[in-house]
Amino acid sequence: MFPKPYSLRLYVPSDLGTDLGVVLDKNQSHYVATVMRCREGDNVALFNGRDGEWLGQLQEVHKNHCLVHVTEQLRSQIEEPDIELLFAPVKKIQTGLIIQKATELGVASLQPVQTQRTNTERLREDKMALQALEAAEQCERLNLPTVHGLIKLEQALTALEPERTMVFCNERLTGNSAKEVFSQLAPSKKWAIVTGPEGGFTDEEIDLISARPNTHAISLGPRILRAETAVIACLSLLQAFHGDWN
């Protein structure tokens, strides 16, 4: 494998194009200058979710201010899968893992939902957005997932478009193997996945989810998975059968 022509990769909101200058914000400048110890002349990769990925050269490096001269495009912008993840937040570290791995697995929208067995009633939306941004930088995707605030499960289900195909991870199922369900699902441009909290969904919530049209329940095998493991398993299956892993 050839070495990459840059030392690190950053998301910026600025427009990107040949010979444009990009000023990094204070936090990024501190990271570049102090943590990564970059120097003038070092190359970095930049992306903004619109213009693809670009190579840039550091022209000024200070802990509070860095200037990047954009030189050439490395990759054109591509269409990412439209996958919305409805997940019940769990403990802080595990919720962070869900956000990180869902970003790596191509989720377009992260929607935490309040269920009857959800352990938390408050989430720091800014922290979740930062976790998603850092994961996107590291996994080399070309955009950021949208991070939403915590809402009730009923609200999240109501907000889904009718044409969005939803996969419901129901740990109580003994049939409906994931392989069978995914292999029989028709291709869709819009997907949603819903996973539950520690302790699972209540009977009332299972009925509520199952009643939504265009919803398909699956089992994730004979073992009870942790909430974060269920997210990773289901997203992997979706990407393998109907996503960009093909």
Side-chain angles (χ1 to χ4, degrees), residues 49 79-90 95 98-118 120-123 125 128-129 131-132 136 141 143-173 176 178 180-220 225 227-245:
E79 185 178 356
E80 300 279 355
D82 187 353
I83 305 171
E84 181 162 352
L85 173 64
L86 280 62
F87 70 98
V90 283
T95 295
I98 288 173
I99 293 166
Q100 180 189 69
K101 298 309 176 185
T103 301
E104 292 178 17
L105 288 165
V107 163
S109 176
L110 289 154
Q111 178 59 75
V113 295
Q114 180 80 44
T115 70
Q116 293 184 36
R117 292 174 178 157
T118 299
T120 181
E121 295 183 356
R122 286 182 18 175
L123 287 175
E125 203 169 330
M128 291 193 299
Q131 290 169 329
R141 64 183 283 173
N143 66 357
L144 302 182
T146 302
V147 178
H148 301 279
L150 182 67
I151 60 175
K152 292 183 178 181
L153 174 64
E154 297 88 336
Q155 292 175 280
L157 294 173
T158 301
L160 290 177
E161 311 95 313
E163 68 272 16
R164 188 175 290 274
T165 303
M166 190 169 80
V167 177
F168 167 34
C169 301
N170 185 352
E171 74 280 358
R172 296 194 194 178
L173 286 180
N176 291 50
E180 290 178 358
V181 174
F182 275 112
S183 63
Q184 294 171 8
L185 283 177
S188 176
K189 292 184 177 181
K190 296 183 177 183
W191 296 90
I193 286 176
V194 58
T195 61
E198 295 176 350
F201 292 108
T202 64
D203 291 339
E204 180 183 359
E205 290 168 336
I206 291 174
D207 291 341
L208 177 68
I209 297 168
S210 302
R212 178 192 175 271
N214 203 13
T215 295
H216 307 269
I218 64 168
S219 164
L220 290 176
L225 304 182
E228 62 272 22
T229 309
V231 169
I232 296 169
C234 192
L235 284 173
S236 299
L237 287 163
L238 175 57
Q239 288 287 37
F241 278 94
H242 295 285
D244 58 11
W245 285 11

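Note that the numbering runs from 1 along the sequence shown for the chain.
The main-chain N or O of Thr115 is never found under 3.5 Å from a side-chain atom of Glu205 such that the two would form a donor-acceptor pair. In terms of modelled atom types and a separation under 3.5 Å, the side chain of Gln111 and the main chain of Gly149 share a donor-acceptor contact. Checking side-chain atoms of Ser188 against main-chain N and O of Lys190 turns up a donor-acceptor pair under 3.5 Å. At least one donor-acceptor pair under 3.5 Å links the side chain of Arg117 to the backbone N or O of Gly200.
You'll find the side chain of Leu85 reaches within 4.5 Å of the side chain of Ile98, heavy atoms only. Between Val167 and Leu185 there is a side-chain heavy-atom pair separated by less than 4.5 Å. For the pair Leu220/Glu171, no side-chain contact is recorded, criterion being any heavy-atom separation below 4.5 Å from C-beta on. Leu238 is not listed as a side-chain neighbour of Leu105, based on a closest heavy-atom distance of 4.5 Å or more. By the 4.5 Å heavy-atom criterion applied to side chains, Lys152 and Leu150 are not counted as neighbours. Between Leu86 and Glu84 there is a side-chain heavy-atom pair separated by less than 4.5 Å. Between Val194 and Ile209 the shortest side-chain heavy-atom distance falls below 4.5 Å. Taking 4.5 Å as the limit, some side-chain heavy atom of Asp244 sits within range of a side-chain heavy atom of Glu80.
Scanning for side chain to side chain contact (heavy atoms under 4.5 Å, CB included) contacts around Leu173 gives Asn170, Asn176, Ala217, Ser219, with sequence neighbours left out. Judged as a ring pair (Phe, Tyr, Trp, His ring centres under 6.0 Å), and not counting sequence neighbours, His148 has no contacts. Contacts of Arg212 classified as side-chain hydrogen bond (donor to acceptor under 3.5 Å, both in side chains), with partners at least two apart in sequence or in another chain: Thr215. For Phe168, the ring pair (Phe, Tyr, Trp, His ring centres under 6.0 Å) criterion is met by Phe201, not counting sequence neighbours. In this structure Asp207 satisfies the side-chain hydrogen bond (donor to acceptor under 3.5 Å, both in side chains) test with no other residue, sequence neighbours excluded. With sequence neighbours excluded, the residues satisfying side-chain hydrogen bond (donor to acceptor under 3.5 Å, both in side chains) with Glu198 are Asn119.
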(request) Test side-chain contact (heavy atoms from CB on, under 4.5 Å) on Arg164 and Asp82 and set out the steps. (result) CA-CA 9 Å; Arg164 188 175 290 274; Asp82 187 353; 3.1 Å; yes
(message) Does Lys101 form a salt bridge (charged side-chain N to carboxylate O under 4.0 Å, His left out) with Glu228? I'd like the steps, not just the answer.
(response) CA-CA 9 Å; Lys101 298 309 176 185; Glu228 62 272 22; over 6 Å; no
(request) For the pair Leu235 and Glu104, evaluate side-chain contact (heavy atoms from CB on, under 4.5 Å) and give the outcome as yes or no after the intermediate values. (result) CA-CA 10 Å; Leu235 284 173; Glu104 292 178 17; over 6 Å; no
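A distance of 6.5 Å separates CG in Leu160 from CE in Met166, rounded to the nearest 0.5 Å. Note that CD of Glu204 and CD of Gln116 are 5.0 Å apart. Values are rounded to the nearest 0.5 Å. Note that CD of Gln239 and CZ of Phe182 are 10.0 Å apart. Values are rounded to the nearest 0.5 Å.
Taking every heavy atom of both residues into account, Val107 and Ile83 meet most closely at CG1-O, 3.5 Å. The two atoms that bring Ala132 and Leu110 nearest to each other are CB-CD1, 4.4 Å, heavy atoms only. When all heavy atoms are compared, the tightest approach of Thr195 to Cys169 is CG2-SG, 3.9 Å. Between Pro112 and Pro89, the shortest heavy-atom distance links the atoms CB-CD, 4.2 Å. Taking every heavy atom of both residues into account, Ala136 and Thr103 meet most closely at N-CG2, 3.7 Å. Shown here for Thr120 and Gln114, the closest heavy-atom pair between the two residues is O-OE1, 3.1 Å.
Within 6.0 Å of the CD atom in Glu163, the count of heavy atoms belonging to other residues, nucleotides or ligands exceeds 12. Under a cut-off of 6.0 angstrom, the local environment of CD in Glu161 is crowded, with over 12 non-hydrogen atoms contributed by other residues, nucleotides or ligands.
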